[in-house]
Amino acid sequence: MPSGLGASRARRRTSRKCPSPPTPPTPSPRSNSWRSHPRVDPARIAIMGFSRGGITTWRTAVERIAAAQKLPDNLRFAAHVPMYSGGCVGAFRLMVKPGVFTTKAPMLWVHGDADDYTTIGACRDYADRIGKAGTPVEFVTLEGAMHKFDQDDTRRLNVRGAQRTLETCPLELDIDTLATYDRNTGQRVSGEALQALTRQSCSAIGAHVQGDRAARDKAAQAILAFFRKTLGSR
């Protein structure tokens, strides 16, 4: 991406090292080097993340998380671009209701419809719910693209030990109470019941990754168009 876009990427290399249970760290546009750079407008900094970095990307749009950073002048990211994001189901998924997500900064979700690591259906549903709650949301579907479609290696690789969350997992977290709920029943779950539900309905092993240059090019075009529209970038 051109440097003038001021887009911060939550790097895949970093996010892969993060073990499954902890919540990904939350970056912020507070860096003095960014804010003081003559080519950077602090009000026009976007964030983009991939896979688990995608979780970080959409979570920075959560008002409670952003407010906890205590940034000067109520500084926020101006746009959010989760790429084949995780966290659309399971323990990382936050309950969507008015006031949870910002209604000011737009989101662009980019996902391949052949992704069996973080499935598109869950993220499309989640993005739709966030949009209906008031956040400007766009969703780009890349036909035939798998997880990590942006990598150079176009071989289909079987990641046998990959830990993934099933699309049917009903868990979500209420960020106001930090309680976990079964969104199918509306019932709060905890303790042994939560562990059992996680084992039976949420956890799976094994997925595939494959680079796709055509999908990568299509994603890049969509992202640049999104930044031109939302940030006024060239």
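Note that the coordinates shown come from a computational prediction; the quantities given were computed from them, not determined experimentally.
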task: Please test T60 against I65 for side chain to side chain contact (heavy atoms under 4.5 Å, CB included), starting from the C-alpha separation and ending with a verdict.
output: CA-CA 7 Å; T60 58; I65 293 175; 5.8 Å; no
message: Does M146 form a side chain to side chain contact (heavy atoms under 4.5 Å, CB included) with D116? I'd like the steps, not just the answer.
response: CA-CA 7 Å; M146 304 193 72; D116 64 358; 4.2 Å; yes
- prompt: Given the rule in the side chain to side chain contact (heavy atoms under 4.5 Å, CB included) test, do R76 and Q69 qualify, once you have shown the distances and angles that lead to the verdict?
  reply: CA-CA 10 Å; R76 299 286 190 272; Q69 307 304 310; over 6 Å; no
message: One pair to check against side chain to side chain contact (heavy atoms under 4.5 Å, CB included): L142 and D212. What are the steps and the verdict?
response: CA-CA 10 Å; L142 302 173; D212 184 328; over 6 Å; no
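For residues 60-143, every residue pair satisfying the disulfide bond (SG atoms under 2.5 Å apart) rule, not counting sequence neighbours, is listed here: C88-C123. Judged as a side-chain hydrogen bond (donor to acceptor under 3.5 Å, both in side chains), not a single pair has a partner in residues 193-203 (not counting sequence neighbours). Contacts classified as side-chain hydrogen bond (donor to acceptor under 3.5 Å, both in side chains) and involving residues 152-162 (residues at least two apart or in different chains) are given here: D152-R216, D153-R155, R156-Q210.
The closest side-chain heavy-atom distance from L94 to W58 is below 4.5 Å. Between D150 and Y84 there is a side-chain heavy-atom pair separated by less than 4.5 Å. The shortest side-chain heavy-atom distance between R93 and R129 falls under the 4.5 Å cut-off.
Using bins of under 30°, 30° to 60° and over 60° for the plane-to-plane angle, the ring pair F101/Y126 lands in the perpendicular bin.
Residues Y117 and R164 share a closest heavy-atom pair of O-CB, 3.6 Å. Shown here for A105 and A79, the closest heavy-atom pair between the two residues is CB-N, 4.2 Å. Residues M95 and V100 share a closest heavy-atom pair of O-CG2, 3.8 Å. For M83 against I223, the heavy-atom pair with the smallest separation is SD-CD1, 3.6 Å. Between L166 and A204 the shortest heavy-atom distance is CD2-CB, 3.7 Å.
The hydrophobic clustering, which links ILVMFWY residues whose side-chain heavy atoms are closer than 4.5 Å, places W109 and V89 apart. Placement of M107 and I175 within a single hydrophobic cluster is found when ILVMFWY residues are connected by side-chain heavy-atom separations under 4.5 Å, directly or transitively. A chain of hydrophobic side-chain contacts below 4.5 Å, direct or via other Ile, Leu, Val, Met, Phe, Trp or Tyr residues, connects V140 to M48.
Counted within 6.0 Å of NZ on K97, heavy atoms from surrounding residues, nucleotides or ligands total more than 12; the atom is thus considered enclosed. Within 6.0 Å of the CZ atom in R64, the count of heavy atoms belonging to other residues, nucleotides or ligands exceeds 12.
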